[in-house]
Structures are given as C-alpha cells and as structure tokens.
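Take a look at the structure below.
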2 protein chains.
Amino acid sequence: MENAAINLDARARTLLRTLIESYIRDGQPVGSRTLARTSGLKVSAATVRNVMADLEDLGLIQAPHTSAGRIPTASGYRLFVDSLLEVREPTAEEIRAIQSGFDPNATTQDLMGATSNLLSQVTRMAGMVRLPRHRNVALSQLEFLRLGERRVLAILVIDGKEVQNRVLELERDFDQDQLQRMANYLNAHLAGKSLHAVRDALLREMRDVRENLDAMMLAAIDLGEKAVAGEDPDDVVVAGQTHLLSYEELADIDRLRQLLEAFNEKREILGILDQCIRSDRVQIFIGRESGLDWFENCSVVTAPYSVDGEVVGVLGVIGPTRMSYDRVIPIVDVTARLLGSALGDPAQDTK
Amino acid sequence: MENAAINLDARARTLLRTLIESYIRDGQPVGSRTLARTSGLKVSAATVRNVMADLEDLGLIQAPHTSAGRIPTASGYRLFVDSLLEVREPTAEEIRAIQSGFDPNATTQDLMGATSNLLSQVTRMAGMVRLPRHRNVALSQLEFLRLGERRVLAILVIDGKEVQNRVLELERDFDQDQLQRMANYLNAHLAGKSLHAVRDALLREMRDVRENLDAMMLAAIDLGEKAVAGEDPDDVVVAGQTHLLSYEELADIDRLRQLLEAFNEKREILGILDQCIRSDRVQIFIGRESGLDWFENCSVVTAPYSVDGEVVGVLGVIGPTRMSYDRVIPIVDVTARLLGSALGDPAQDTK
DNA sequence: ATTAACACTCGCCTTCATGGAGCGCTGATC
DNA sequence: GATCAGCGCTCCATGAAGGCGAGTGTTAAT
C-alpha cells in the first residue's frame, strides 16, 4: 500500500469523504447525482462522474456492477481513516458513562471482562482486551504447598490482590516443613520486588553464590526460579461476538463461522492484538490488512493501554469494515486510557 | 403432552418411524409415494395417505403447505424418541476413540474442556459439560495467606490435585503467624474428610464445643467454616457452538443470535442441565419443551455422569431437532460413562 | 379395508417485460 | 482546459405469466 494517492486535489478529497460517509451511513452504493447534491460542492453530476472515474482508476472506490453507484475499496477506507476522517470526540457525558463501568476494586480478570463487555455494548460490535503483562508489578508473596510426591503448588500473590497458581513437578521431594522454610527465605529476599527483578535476582544468585549457600537455600532458589519462570497466562478476553451476526455485510455463513471460531480459538485474535502493542496510538486494520483472508469485510480498531507510562496491553473492537470510525475510534481510545488509569490506581484495602 | 397417541396400530407406527427417519436423513418433507415404497409395507400410496391424514390429526406430523410432503412435529419427535427409536450402539472402535480423548492426569477443568470438545466434534453440534459437584471429595489441605488488612486468601486443595482460591473479608485482622497456626489446627482435624463432612464438623464444633476452646481455635473454626462455605463454582463448559451455524433449519439470524448469546451467558444452559441432573438416564428435550421459545428447532440430549455411584454432573449436546438421535444418544451416553470413570480413577501421582 | 384414478393445489423455476438508477461519452460553452 | 447538459446504454430489481412436478384429498370400484 504505497499510497501515491495522497496527491488528490481538495475537490476529489471532499467527494471521496462524502461518498464514504454516505456509504457508511446507508450501506448503499452512492451515485453521482446524490454525491453532487450532498457534497456541498457547486458542481454538476457529470463532473462528479469524471472525478469518480479517476478515483476508481486509483483503486479507491469501485462499482459493484456497471450501473450501480460506487462503494469504497479497502484502500479507499485506508485513505479515509488516515487523512480524511474527523473524529467526533466523546462528550464528557459519554466518558463518565464509560468510567462508571469500571469497578476499581475488581480483580484484573474481572476488570478485563467488564472492559470487553463495555466495548462491545457501546459499539455494538465485538470487544476484546488483551490481558496485561505483569512483568513489572510487585510480587507480594510466594508460598509453596506440597500436593503429593514431588508435586508442589506454587502460589504467587501479585500486586496485593492478584493470585496465580502453578503446579510444579520436581526432581526430588520436599516435605511441607522444608517448603515452608524455603518460602520464608524467598519472601524475605524478594517480596516487594517486581517479577522481572525477582527473576533476574534468582538467576544471578544461582550463578554467583552457588558455593556459599547451604543445600536448602540452593534448592529454594531453584524452586523460586521455577515458580516465576512461566510466562504470564497468555490470554485475551472477548465479548459480544454475537453482535457480528446482525451485520448483513457479514451475512456469509461460512465466513461467519470462521470468524466466531477465531474468537473461540483466540490464537489469531491474539496475533492481531500483539501486532498492535508496539504502536502508541489507535491503530486500524482494514479488511485483509491483518493477513487473514477470512477477515474480508471486517475491520479492527485497537489501542494500547499503559500503566505508569509503560504499555502493558491492547484492547479493541472487531466489526464490519463499514463501521462508524468517527464514533468507534474515540471510544476505543478513551476506553484504553480509562482502563490504564483504573489499573494504575494504587491498590486500595478499603472495604 | 398427555400422549393419548400411544394406541397407534403397528402400521401407523412403522410409517411414522420411516417418515421421521427419512426426514432426519434428507431434511425434505416426505410424500406418500416415497413413504409407501421405503416403509417396506405392502400398501399403496393412497392407503399411506389415509394413515398420514390420521397422524396429522393426532398432531404428530404436519404439512408445511398444502401440497408438500409431511414433516414431524415436536410431539412426533417425542413419540419417536420415546418408543420408536432403535439406537445404534457405538462400536468398540468408537468407544476406544472417545476413551483415548481422556487424559486421566488432567485437572478437572481440563477434563471438562476436553469432554466438551469431544462431544462437539463427534456429533458436529454444540457440546456442554456441567462442572461436577465436589461436595463428596476429600479435602487434602487448607491454607491461609494474608493479603492485606482483614483480607485473607484461603487455598483449598481437593482430591490431591484440584486447587480453589477464595478471598475472605474478615471482621478482625490476623497476622500470618496466627493464620498459619489456625491452618495447622484445621488440617490436623479435617484433612482427608469430604468437604461435606468438613462443613458438618465445623458447624457442629461451633455449636457444641464453644466454651472448651481458646479464642484462637474458635477463630480458626470460624475461618474454616467461611473457607468451605461457598458453593462450588457454578459453571458449565461449552464447545463447538459454531457448528450450529451450519444447520439451515437454524438459519434465522435472530434466533441464532439468541442461541449463541445463551451459550455466552451460560445461565439458561445451566438451568436446562440442572433439570436433568435428577434423571439417571439419557434425557431428551425437544424444541420448546425446555420452556425457552428461542429453542424452536433445537433439541438437547443430556446424560448425567456419576462417580462411585453418585451423580455429580450432567453433560450433553445441543443441536437441531432434526438430528440423528440414533447416533447421538449412544454417544452422549457412553461419553457420560467414560467421563465418570475418568473422574473416578484413583488420583495417580505417577508423573 | 384397500386401492387405482382423477382433479386440484401449491411452490418453484424460468422467462419476459418494465422501470429506474447510474454510467460513459460527446459536443457545446465559458 | 475545465465544466456540464444530454444522450444512449447497461445492468439490477421487481413482478407477472406460465409450465412443471410433487403431493394431496376424494371418489368409486374391488
């Protein structure tokens, strides 16, 4: 998509813009006469036809058949969202409505679910939220529980409220008392540090101070390393998939099935979201741009959210390419910001 | 549904049976001529027409329009599955295929997911599994972790492999040391008993031996009671909803949306499954019988599964009313039995 | 009771005609 | 050279007409 199309004169741009706006509103191909009237320009339908022919040559619009009006192509939408679109900032009202959906006392999981629901309800499309990376949050506590022979349950309390369980399979057996002492040792050394720092510390100690410690403490370090080694649960929360059934441009049953299956599998959704995590602004995929062909007629609007200035996740919506970008974009944008600050609020013990 | 229809003569029963079998196979209304030929009876089409008129009067079949063949009504299906159907028992082959899908080392959660997937793949419909009740399985271990002021994380290890976390909000504060001693006390008294027994024991002690214990042990009992008080997570695992998109008798978009939303909400699905938990055999809901009108054209086949003779959950499938009951019923039946025995296997620590 | 035969009823498909929306092109105008 | 009115043309959507086929209900004969 090299977009040599940038050098369109003002009139062509206006026409393209009104055409796409009209198509997004009504879902009908737009003809030259209507376009001439609604564009506000003082030109005749014939002139508009000439311009439209040019736009078609540039691949920005196309005619479904000889004598229908024109509809935007993927490139047309691209140009539209990149340089023609004027987003309608959400009113303070709307922001408050969204904000009231966040319960700062909820666990991260619940917060993600609520956000995802919120996105899908407000936009009437499918909402999705990538779980935040936890690498930089504080480890509050670490505990071991003996489940059976050589099987230990590691419990990580993160950030004072999040709890993660991990079952570890070990080479040798420890009794509960040994495990307890190991946990005490690790907690004394590590509590309060970020997971990232914890991991570094453990790896360093394993290398450096091997010989200076008794066997028990060595084992403790080993165990601790195992406990924090796993990645965060790699997951994404989606909601409102069923909204997509209502759009007739997605009426093809087979594609619809693929789409819904993608939501169940989550793998491809994850792939798409992860592509966006680097950007620091709202990002938009139109149609096949994401590389999946079952994405025909679908667009994705995403925005990363950050805590303390660091991007920790992405959220967004999926809907038909023919969506109201001017409404959806600011919603996604605001939601990302609000989620970020909801996560960033200092953990409260009140209540 | 009083079904005075039971007194059908043999011929009428044969005809109804072949009609429904034919309709299930082809999805086409069945006419008198075809029916006369395929039924195996030595009667003419005209005679068949007479019988069909009777069956229509009884409300067992109906004609979509004046001059099409007949299709079964809900009552027709009911009679069919109750007294006309001959199920095709699954071959040893198929049983082995299903059995190989169970990994006895998996956690209950994973086992449920696998079962649900299995059901949906084998039947090409939506599969669902009600989580088992845990009331009668052994409590292996109980642990407390102080999260913050008056907030305690209770960790229940059940059956040596299942882990449940519960956050408790308390009236007074304990330090970790106190919590540890309380856990020790409770474990010494309760480990190995069933959750049900544990709860009884705690309630009894709270009443009877109040005055004979020091304050700490009293608090411990109180805490333990809180920890095991909550119900099991009340949940159901579903899979393969998207299969339902492929059936043209469910092609109505609005109903389809309601159906998929029901799977997301899970509440109504749960209601249906819970209705079946009392029965000890395969149970079938046809069309609106379950009380939900968006269930038009859908049927549910369920079977309870039991561990050690006690029913602990239900599983089943949802699909179009026009499904191959003779294939689906034994599959659901066998899957329920296999899941029961997979859960009943003594917990193994090997690997 | 069973059945062959007949008339009749619908739904579905194809064909055909009609109307309308919209396009490209041309030639005139400024 | 840009703009525009006008013309002929293409295509879709709609609907009516008609034929076909499948299946029904009914009657009268066995």
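Everything quoted here is computed from the prediction, not taken from an experiment. Quick note on labels: first sequence line is chain A, next is B, and so on, each numbered from 1.
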Return the value, rounded to whole Å, for the distance between atom [atom1] of [X] and atom [atom2] of [N].
X: A/D54; N: C/dC23; atom1: CG; atom2: C1'; result: 14 Å
X: A/I71; N: C/dA21; atom1: CD1; atom2: P; result: 19 Å
X: B/L35; N: D/dA22; atom1: CG; atom2: C1'; result: 15 Å
X: A/E56; N: C/dG22; atom1: CD; atom2: P; result: 15 Å
X: A/R11; N: D/dG1; atom1: CZ; atom2: P; result: 16 Å
X: A/H65; N: C/dG22; atom1: NE2; atom2: P; result: 10 Å

Pairwise distance CD1(B/I98) to CD1(B/I331) - rounded to 0.5 angstrom: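 Nearest 0.5 Å value for the CD1-CD1 distance: 6.0 Å.
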Between B/T38 and B/T18: side-chain donor-acceptor atoms closer than 3.5 Å: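 Absent: no donor and acceptor within the cut-off.
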Distance-only polar pair, side chains of B/E261 and A/T242, donor-acceptor under 3.5 Å: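 There is such a pair between these side chains.
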Nucleic acid contacts of residues 39-53 of chain B, taken as heavy-atom distances under 4.0 Å to DNA chain C: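 Correct list: B/K42, B/V43, B/S44, B/A46, B/T47, B/R49, B/N50.
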So does [X] get a side-chain nitrogen or oxygen closer than 4.0 Å to the phosphate oxygens (OP1/OP2) of [N]?
X: A/S67; N: D/dT10; answer: no
X: A/R33; N: C/dG20; answer: no
X: A/R70; N: C/dG22; answer: no

Shortest non-hydrogen separation from B/M128 to B/I269 and the atoms involved: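 The pair with the smallest heavy-atom distance is SD-CG2, 3.7 Å.
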Expected output: side-chain A/S120 to main-chain A/N117 donor-acceptor under 3.5 Å: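 Between the backbone of A/N117 and the side chain of A/S120 there is a qualifying donor-acceptor contact (under 3.5 Å).
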Ionic contact status for B/E21 with B/R17, cut-off 4.0 Å: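 Here B/R17 pairs with B/E21 in a salt bridge, since their nearest N and O are under 4.0 Å apart.
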